[in-house]
Participant: 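Quick one: the structure is below, and I'll ask about it shortly.
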Amino acid sequence: MAVLLQVNRVQYKCFCELTAPISQLYFCKYCKTLRCKQCVLHEVDVYYCPNCLETVPFAEAKMKKNRCGSCFDCPSCSHTLMTRATSVQVQPAAAASEAGGDSSKAKVTPTSKKQYYLACNFCRWTSRDAGIPDKPIASGGWQEPENRESNRVHDLLQYYQQVSQQEKLDRDQRKSRRRNLLHYQGLTGARRSRGNSILAAFGGLSARELEMDTTVIQSIAAEPSEDIDALPEFHITCPVYLSEICTLPQRLDQPEFQPNSVRDLKPFHKPLIIKRSQRCKGCEHNLLKPDFMPTSIKFKIEFLALLLVPEMRIYSVPQLSYMKECDVKLSLTNPVDYPVAVSLKSLTNNDHASITATLTVPCEVLNLNPKDDAADFDDVSESKVKQESSAIVSCKGNKIQFLVRVRPDKPLGNVMIGLRLSHNYRDTSSTVMTSLQEDKKPVEPVMINIDHDILLNLGKITH
């Protein structure tokens, strides 16, 4: 029964021949195929802060290096820092100095003044541990330490931007030259002489434009040096306290500074996260498009394979023995709101190299009832729908359990079986519906058959 929750043991084959669990796949309604993460195009829709949920424009996110301007992370444990307030007593001498030396105004009782600092509720780290003075305002005012290599990084970024622009200009120039040459070869007689002057004019313009963009900033080469500072004596004479040394994750959180001691840890701005859309590489239609609001977890478009393709799981596996047949119980779930007819076909080692067992599947059609959301809250009894296959053990709601016969063909290793699942699918793509509406007939969805190859890992041979 524990095998039922191990969904990674059931792998669906994608269009690119890679396998993945059905929970990690998409189904394109236009290509009628499964798509994995390698078969989709990723597009960033919005940047936002996971703490304050404030959206950030693309230009501002690039300028701030994809970090929030008002939220900070703890440099010790990477949790979100909270702003805390404390009261500080202002001494009469300090009040007199602020009053400009007037003794009449200086003789006052001590007053309390609010000061703010950053604190972590998880590891109890505070900005006072790093020597950062308290601020008189709660929002903003926390300055970041200056990076000593910022000028060097800026020069390198500017250099590579110029190099990429130059390469793009060279590619465009080669394409235009080839296009002009093919057009020039097609000219005949009198038109060719006039074409010479036209090409010369275009050549002069491109040359002048090229002179404006050929100024490439020369990269400042790194100069090697043999002068190495001597190792300080305290590294040898003083004992080492690991609690005072930064860990590797703490250093990697701040790659521009990489502090060595915990006293040098500084709070850093919280990184932004994104909401992204995913498109099919074949037809470029959206497969997943979230809502733009950071507070919303809904999707405008959601073509997940788990919501459109029948899900197969391993229900129970008996003891597996070499060259001995046994019955394995599998389950099928219908995720859509219309009946689905499923037919199975076993795959051999010739179809997939990882298959190590012989599989016998039911030859009858397995009928799955439509999904009913209201039935999930009721006590649904066994379905009274008559099934044509005798291999079905039980049928409850939109789920069925059936038996397949497996014979391991290898004495060692995992027992891998493969089958081809064929089911009917209601095609509701816009192209099909538009063609039906043009015929001025009642629009009815078209039912088509779709095949999926599935690999199942039944576990290791027991004896």
Side-chain angles (χ1 to χ4, degrees), residues 1-25 33-34 36-39 305-306 309-335 340-368 382 387-396 398-423 450-463:
M1 186 67 181
V3 188
L4 182 64
L5 302 179
Q6 299 178 5
V7 294
N8 292 333
R9 298 178 65 171
V10 181
Q11 303 279 328
Y12 284 68
K13 184 181 289 188
C14 175
F15 179 78
C16 63
E17 301 298 328
L18 295 179
T19 58
I22 190 174
S23 58
Q24 301 178 8
L25 295 176
T33 55
L34 294 175
C36 64
K37 295 181 180 179
Q38 306 296 332
C39 300
L306 192 63
V309 178
E311 180 186 6
M312 179 175 290
R313 291 194 184 186
I314 303 173
Y315 192 83
S316 63
V317 180
Q319 292 185 352
L320 301 173
S321 302
Y322 174 61
M323 298 302 293
K324 291 185 178 180
E325 292 185 349
C326 60
D327 292 334
V328 177
K329 185 184 293 186
L330 305 178
S331 67
L332 270 176
T333 304
N334 181 17
V340 174
V342 177
S343 59
L344 304 177
K345 179 183 177 181
S346 60
L347 300 178
T348 61
N349 193 14
N350 298 328
D351 300 322
H352 202 280
S354 62
I355 296 177
T356 61
T358 302
L359 176 66
T360 305
V361 298
C363 57
E364 299 88 355
V365 177
L366 306 179
N367 297 317
L368 298 177
E382 294 289 332
Q387 297 287 346
E388 300 178 358
S389 177
S390 59
I392 295 179
V393 178
S394 66
C395 178
K396 185 176 181 180
N398 61 331
K399 303 177 182 179
I400 63 170
Q401 300 173 11
F402 62 97
L403 298 175
V404 294
R405 188 165 293 273
V406 179
R407 187 192 66 187
D409 296 336
K410 291 187 178 181
L412 299 175
N414 292 331
V415 179
M416 298 289 297
I417 60 175
L419 54 89
R420 180 165 296 166
L421 185 146
S422 178
H423 67 94
I450 301 178
D451 298 337
H452 306 291
D453 291 349
I454 307 176
L455 298 178
L456 297 92
N457 184 5
L458 301 182
K460 294 185 179 180
I461 296 180
T462 55
H463 57 276

Participant: Measure the CG-CD1 distance between L458 and I314 for me, rounded to the nearest 0.5 Å.
Facilitator: 5.0 Å
Participant: Testing the basics here: between P310 and I22, what is the closest heavy-atom pair and its distance to 0.1 Å?
Facilitator: O-CD1, 4.0 Å
Participant: So do the side chains of H352 and D453 get within less than 4.5 Å of each other, counting heavy atoms only?
Facilitator: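 Contact flag for H352/D453 side chains = no.
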Participant: Which residues satisfy the side-chain hydrogen bond (donor to acceptor under 3.5 Å, both in side chains) test with D409, sequence neighbours excluded?
Facilitator: T358, R407
Participant: Could you give the distance from NZ (K345) to CG (L421), rounded to the nearest 0.5 Å?
Facilitator: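 It comes to 13.0 Å.
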Participant: Return the minimal non-hydrogen interatomic distance between L25 and L34, and the atom names on each side.
Facilitator: CD1-CD1, 4.0 Å
Participant: Decide yes or no on side-chain contact (heavy atoms from CB on, under 4.5 Å) for L359 and L347, but give the supporting numbers first.
Facilitator: CA-CA 8 Å; L359 176 66; L347 300 178; over 6 Å; no
Participant: Is there a donor-acceptor pair under 3.5 Å between the side chain of R313 and the backbone N or O of S331?
Facilitator: no
Participant: Taking the side chain as C-beta and beyond, is there a heavy-atom pair between P318 and D327 under 4.5 Å?
Facilitator: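 Of all side-chain heavy-atom pairs linking D327 with P318, none is under 4.5 Å.
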Participant: Let me confirm one number: the CD1-OH distance from I454 to Y12, rounded to the nearest 0.5 Å.
Facilitator: 4.0 Å
Participant: Answer yes or no: is there a side-chain heavy-atom contact under 4.5 Å between S316 and V328?
Facilitator: no
Participant: Contact between T356 and N414 at the side-chain level, heavy atoms closer than 4.5 Å - yes or no?
Facilitator: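 When only atoms from C-beta onward are counted, N414 and T356 do not touch, as no gap falls below 4.5 Å.
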Participant: Nearest 0.5 Å please: distance from the CG atom of L368 over to the CD1 atom of I400.
Facilitator: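 L368 atom CG to I400 atom CD1 measures 4.5 Å (nearest 0.5 Å).
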Participant: Flag the pair T348 / I355 as yes when at least one side-chain heavy-atom distance between them is below 4.5 Å, and no otherwise.
Facilitator: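 Answer no - side chains too far apart.
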Participant: Measure from the side-chain N and O atoms of Q11 to the backbone N and O of N8, and report whether any donor-acceptor pair falls under 3.5 Å.
Facilitator: yes
Participant: How long is the straight-line distance from OG1 of T333 back to CG of L306, given to the nearest 0.5 Å?
Facilitator: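 Answer rounded to 0.5 Å: 9.0 Å.
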Participant: For a quick test of reading the model, state the closest non-hydrogen atom pair linking S346 to V361 and the distance between them.
Facilitator: N-CG2, 3.9 Å
Participant: Taking the side chain as C-beta and beyond, is there a heavy-atom pair between C16 and C36 under 4.5 Å?
Facilitator: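 Side chain of C16 against side chain of C36, heavy atoms only: contact under 4.5 Å found.
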Participant: For the residue pair Q24 and K37, what are the closest heavy atoms and their distance?
Facilitator: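 Where Q24 meets K37 most closely, the heavy atoms are O-CG, 4.5 Å.
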Participant: Ignoring hydrogens, what is the shortest heavy-atom contact between F402 and M312? Give both atom names and the distance.
Facilitator: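 Scanning both residues, the minimum pair turns out to be CZ-CE, 4.1 Å.
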Participant: Give a yes or no on whether the backbone of N334 and the side-chain of N398 come within a donor-acceptor separation of less than 3.5 Å.
Facilitator: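 Yes: the side chain of N398 pairs with the backbone of N334.
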Participant: Keeping S422 on the side-chain end and S343 on the backbone end, is there a donor-acceptor pair under 3.5 Å?
Facilitator: no
Participant: Assess whether atom CD of E325 is packed by more than 12 heavy atoms of other residues, nucleotides or ligands within 6.0 Å.
Facilitator: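 For E325, atom CD is crowded (more than 12 foreign heavy atoms under 6.0 Å).
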Participant: Of all heavy-atom pairs between A391 and P362, which one has the smallest distance, and what is that distance?
Facilitator: CB-CG, 3.6 Å
Participant: side-chain contact (heavy atoms from CB on, under 4.5 Å) for R9 and L456? Distances and angles first, verdict last.
Facilitator: CA-CA 6 Å; R9 298 178 65 171; L456 297 92; over 6 Å; no
Participant: Which distance, rounded to the nearest 0.5 Å, do you find between the CG of L330 and the CG of L344?
Facilitator: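 The CG atom of L344 is 8.5 Å from CG of L330, to the nearest 0.5 Å.
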